[in-house]
Protein chains: 2
Amino acid sequence: MTSLWERLEQADNSARPSLSARRIAEAAVSIADADGLEAITMRRLAAELGVAPMAAYRYVSDKNEILELMVDLVYGQADIPQGEDWRQTMRALALGMRALVLKHTWLTQLPAARAAFELTPNRLTLAERTLAAIRGADLDVDTAMSIFRTVTAYIHGATSAEVGLRQLSTERGWVSGDEARAGLSGQMTWLLGTGRYPEFARYTREAVRKDDLLWQFETGLEHVLDGIALRLATPGPG
Amino acid sequence: MTSLWERLEQADNSARPSLSARRIAEAAVSIADADGLEAITMRRLAAELGVAPMAAYRYVSDKNEILELMVDLVYGQADIPQGEDWRQTMRALALGMRALVLKHTWLTQLPAARAAFELTPNRLTLAERTLAAIRGADLDVDTAMSIFRTVTAYIHGATSAEVGLRQLSTERGWVSGDEARAGLSGQMTWLLGTGRYPEFARYTREAVRKDDLLWQFETGLEHVLDGIALRLATPGPG
DNA sequence: TCTATGAGTATACATCGTACGCACCGGCTT
DNA sequence: AAGCCGGTGCGTACGATGTATACTCATAGA
């Protein structure tokens, strides 16, 4: 069996199939968007496609392969910035990725985290643009890649945390942050009441930006970009 | 039903049970360490504990609850630094977490990513120590927490990526990085051969630190910590 | 018109999480 | 001492899931 991606491009038009890897992935994405990742069932998928449960196996060797296809499909929909100013580019990249993840929250929950990191075509494009954006500063390739990896790691970690928090909230039917904190009281008041976490308790009392998830994401991002700026700054001319 | 953590501490010693939430979690962790997360089956777990499949349900209402217990158990084993120098403390925190994740790679694969972000007691301890470490600089609580979140996000993202890469490798039986790249050729040579990714192709040719995963982790971490240092530096006295 | 190819189908199975009710044991009340 | 009773662990059973295997049948090329 050749590579999944290779097979994809060589769409053999010899027959006129009603199904395709693409259509399967699209259906899977729409199911996951609506009802979460665990709602993706070969049977449900087939029903959605108006087809028998086993039909998909003509185009996909595994359920996991469907997940890979889903990842690549949504990455393909991300508009990847292609800019001059590296910092603007990275900010756009980060915010774009965040929007993508918030739209498809299952991205953070893929059981095979592998899939999220495998080199799918669209992920490569992403790396490509980023590397191009910082090409100006003459860095060795290792450092250049480390910058890409760092930003990517932050994005991944921050969005995962945000999605986790959001899901925890909506799953329990909270809308406002205050409501959430009231709801958490059950678990949390007890924990905080133990007096073991004074700093954290202070945060819950005094913080102002607790519910401003965008502010949190952007602030963290600026921390990261500041650090990278140091690396990119040419040390000479100052 | 009261909170899971509450129930844990109020271990009612009225009876002499052979089982306990703790023992269940330990067994689950050892299974996951050995054979991966998907090897955790209620039946397998019971067999490992020398007990009938349904026995665990006396102590746990869900399989998901077992996952939560596992997370907290291993977080509890992490030695969380408690230092003076914030940068040393954070470095130690990051390297410790990395070691923990590499030891329990399933941490990055928890299907309910929620579990990884829920406020378990040991995770709170972690936040507590970190906040204490940067208490010196007088920051508002929001910024202080954003620093914690940023480092945490980087750690989470970077370790996930590293684990994903490692699993992809071992899963296909590669040991050396060169072997891995040779193995990836199938998928990758074709992709890179398309000429769509010149920057990335240059990296695969010229990079030197491709296989030094520790260097990659630490370098990214330094980028992040540099950015935070800017925030912590008192702007006055220079 | 015959036939081979390949798309979609039908049936079946092992394995999973877990609902439900039972058997049993030790400490309490009387 | 006798009997109840809460709680521990067990047995059975069920519906859902991923997928192996063998099929039907339409169509394109001869």
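Note on naming: letters A, B, ... go to the chains in the order of the sequence lines (proteins, then strands), and numbering restarts at 1 for each one. Please read all numbers here as calculations on a predicted model, not as lab measurements.
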Could you pull out the protein-nucleic contacts involving nucleotides 19-21 of chain D (nitrogen or oxygen on both sides, under 3.5 Å)?
from	atom 1	to	atom 2	distance (Å)
D:dT19	OP1	A:D62	OD1	3.3
D:dT19	OP2	A:Y57	OH	2.7
D:dT19	OP2	A:K63	N	3.1
D:dT19	O5'	A:Y57	OH	3.4

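- Listed by chain and number, the residues in a side-chain contact (heavy atoms from CB on, under 4.5 Å) with B:A55 are B:L19, B:V51 (sequence neighbours excluded).
- Between A:R202 and A:E199 there is a salt bridge, with a side-chain nitrogen of the basic residue lying less than 4.0 Å from a carboxylate oxygen of the acidic one.
- Residues that satisfy the side-chain contact (heavy atoms from CB on, under 4.5 Å) test with A:A39, not counting sequence neighbours, are A:I31, A:D35, A:R44.
- In this structure, the side chain of B:Y154 does not engage the main chain of A:A153 through any donor-acceptor pair within 3.5 Å.
- One N or O on the side chain of A:Q216 and one on the backbone of A:R209 form a donor-acceptor pair closer than 3.5 Å.
- Following rounding to the nearest Å, B:L37 (CG) and C:dG17 (C1') show an atom-to-atom distance of 15 Å.
- Spacing between atom CZ of A:R58 and atom C1' of D:dT24 amounts to 11 Å, rounded to whole angstrom units.
- Although no hydrogens or angles enter the test, the distance criterion places a donor-acceptor pair under 3.5 Å between the side chain of A:T108 and the main chain of A:T105.
- Picking from C:dG8, C:dC16, D:dG18 the nucleotide with the shortest atom distance to the side chain of B:T41 gives C:dC16.
- Between B:E38 atom CD and C:dA14 atom P the separation is 21 Å, expressed in whole Å.
- Backbone-only engagement by B:I40 is indicated by non-hydrogen atom pairs under 4.0 Å involving sugar-phosphate atoms exclusively.
- Each of C:dT9, C:dC16, C:dA7 was ranked by its minimum atom distance to the side chain of A:Y59; first place goes to C:dA7.
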